[in-house]
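All remarks here apply to the structure that follows.
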Amino acid sequence: MIKSYNLRIYANKGKVDKLDTLISFWQLEVQGKIDIFWSFKEVKGSYCPSKYSLGGRIIRDASIKAWQIVKGAKKRKQDKPTFKGNEIEFNSASIKFLDLNTKEFDFWVKITHLEKGRRLALPCKKIGILNNALESGNLKKSAKLIRIKSQYYLQVFVDIPEVIKENSQKIGIDVGLTNTVVLSTSQLFGQDLKPLRIRTKWRNYKDKISPFKQSLNRVAKDIIVLNPNTDFVVEDLLFKGKKKRSRTFRRRNNNWAYNHLSKTLESHGRLEGFKVFRISPEYTSQTCPSCKSINSANREGDKFHCIRCGYQNHADVV
């Protein structure tokens, strides 16, 4: 399993200027090659013709990037793409990880840039979750330079072996609009998250994860800690389309991260050895867990009362 981690780059003004120049050159070079490749009748294979990638590693990598963008756009029958990417992928030939630990910084890399024959040394600081990942995983020899607004980050990748365990216990998880997360063990999580979701629903979090999703990440960790050696069962929800949902409902709940919790649990499960099973949500709110009878009259709001056997409980727990 490959996990990525963003490390902040602590560059002085001179290095920031060089990185800005590099990003600008990259954008122009990729877009220029897109303009050339777009006129080709056929765009096949992983690499562009070699005559278009001459001039150094940066130009070669930009040409390959443009070739892949054009190939994908033509395959999907899209219009000619415009490239404005603020990130550059460095392979093992373009980046070198240094075994260096200075007084201020514990992570250094050297990257290829526009000065021929020289590499640019960039200092970073490791974060705790990266150190934990490196205890069991291996650092990949590639990385990505990312500019977010005026700040630069180095995205590194760690190959972490997946853990496989056989767990006998399974717990169901319900993700809802009113009660954010409810377990079949009657445990409730994130009761305070609905106001947070409403407060942040119209904000743009393009460059970072929203506070609501950050809170769901913490909920996922709490669930795992409180329920060790357990597999989890979630509804395979699809919150798209207009079927049985009014326009007002869809607008009001367009930022409901119904699938985020299950994806987070799946990611943790590959590292910690538990599984996440997805089941169809059809009739799950109408089926009695005691006698298995299915009837829409069994549920009324948050209350579940089986009209056949008399079983009662909170509807989300059911």
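Atoms considered below: every heavy atom in the structure, side chains included; atoms not considered: hydrogens, waters and symmetry mates.
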Run the numbers on Ile224 and Leu265 for side chain to side chain contact (heavy atoms under 4.5 Å, CB included), then give the verdict. CA-CA 8 Å; Ile224 294 168; Leu265 287 171; 3.9 Å; yes
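- A salt bridge between Glu29 and Lys33 is present, with a side-chain N of the basic residue lying under 4.0 Å from a carboxylate O of the acidic one.
- Two rings, from Tyr52 and Phe37, have their centers less than 6.0 Å apart.
- If you check the side chains of Asn167 and Lys275, you find no donor sitting under 3.5 Å from an acceptor.
- A single hydrophobic cluster is seen to contain both Ile34 and Ile36, as judged by linkage of ILVMFWY side chains at heavy-atom distances under 4.5 Å, directly or through other members.
- With 3.5 Å as the limit, one finds no donor-acceptor pair spanning the side chains of Glu104 and Thr102.
- Side chains of Asn313 and His305: a donor-acceptor N/O pair is absent below 3.5 angstrom, by distance only.
- Between the side chains of Gln155 and Asn6, a donor-acceptor pair is found at a separation under 3.5 Å.
- Of the possible polar contacts, none joining the Ser142 side chain to the Asn91 backbone as a donor-acceptor pair under 3.5 Å is found.
- Within the 3.5 Å criterion, the main-chain N or O of Leu183 finds no donor-acceptor partner in the side chain of Thr185.
- When the options Lys13, Lys15, Arg147 are evaluated for a salt bridge (Lys or Arg N to Asp or Glu O under 4.0 Å) with Asp20, the one that passes is Arg147.
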Full working for side chain to side chain contact (heavy atoms under 4.5 Å, CB included) between Ile58 and His113: CA-CA 7 Å; Ile58 297 296; His113 65 125; 6.0 Å; no
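- With a 6.0 Å cutoff to the six-membered ring centre and a 45° limit on the axis angle, Lys96 does not count as a cation-pi contact of Trp108.
- Asn101 and Asp106 form no side-chain donor-acceptor contact under 3.5 Å, judged by distance and modelled atom types alone.
- Here Phe105 and Tyr10 bring their ring centres to under 6.0 angstrom of each other.
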Apply the test ring-ring contact (aromatic ring centres under 6.0 Å, His included) to residues Phe232 and Phe274: give CA-CA distance (whole Å), side-chain angles for both, the deciding distance (0.1 Å), then the verdict. CA-CA 8 Å; Phe232 300 101; Phe274 62 83; 5.4 Å; yes
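- Checked by atom type, the side-chain pair Asp35/Gln31 shows a donor-acceptor distance below 3.5 Å.
- The backbone N or O of Gly301 lies less than 3.5 Å from a partner atom in the side chain of Arg299, making a donor-acceptor pair.
- Remark: the backbone N or O of Thr21 is not paired with any side-chain donor or acceptor of Ser24 at under 3.5 angstrom.
- The closest side-chain donor-acceptor pair between Glu235 and Thr284 falls under 3.5 angstrom.
- Using a 4.0 Å cut-off between charged nitrogen and carboxylate oxygen, Lys65 and Glu87 do not count as a salt-bridge pair.
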Would Phe25 and Ile59 satisfy side chain to side chain contact (heavy atoms under 4.5 Å, CB included), going step by step from the backbone distance to the final call? CA-CA 9 Å; Phe25 178 84; Ile59 293 177; 4.0 Å; yes
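- The residues Glu115 and Lys18 are annotated as salt-bridged, a charged nitrogen and a carboxylate oxygen being separated by less than 4.0 angstrom.
- For the residue pair Asn227 and Gln169, no side-chain donor N or O sits within less than 3.5 Å of a side-chain acceptor on the partner.
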Check the pair Ser293, Cys309 against side chain to side chain contact (heavy atoms under 4.5 Å, CB included), reporting the backbone distance first and the verdict last. CA-CA 9 Å; Ser293 68; Cys309 70; over 6 Å; no
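- In this structure, Val43 is not a member of the same hydrophobic cluster as Ile64, with clusters built from ILVMFWY side-chain heavy atoms closer than 4.5 Å.
- The side-chain heavy atoms of Val234 and Val276, taken from C-beta on, include a pair separated by under 4.5 Å.
- In this structure a side-chain-to-backbone donor-acceptor pair under 3.5 Å is present from Lys71 to Gly45.
- At distances below 3.5 Å, at least one donor-acceptor pair connects side-chain atoms of Gln151 with backbone N or O atoms of Ile9.
- A distance-only check finds no donor-acceptor pair linking the side chain of Arg60 to the backbone of Gly55 [under 3.5 Å].
- Between Lys3 and Asp159 there is no salt bridge, since no side-chain N of the basic residue sits under 4.0 Å from a carboxylate O of the acidic one.
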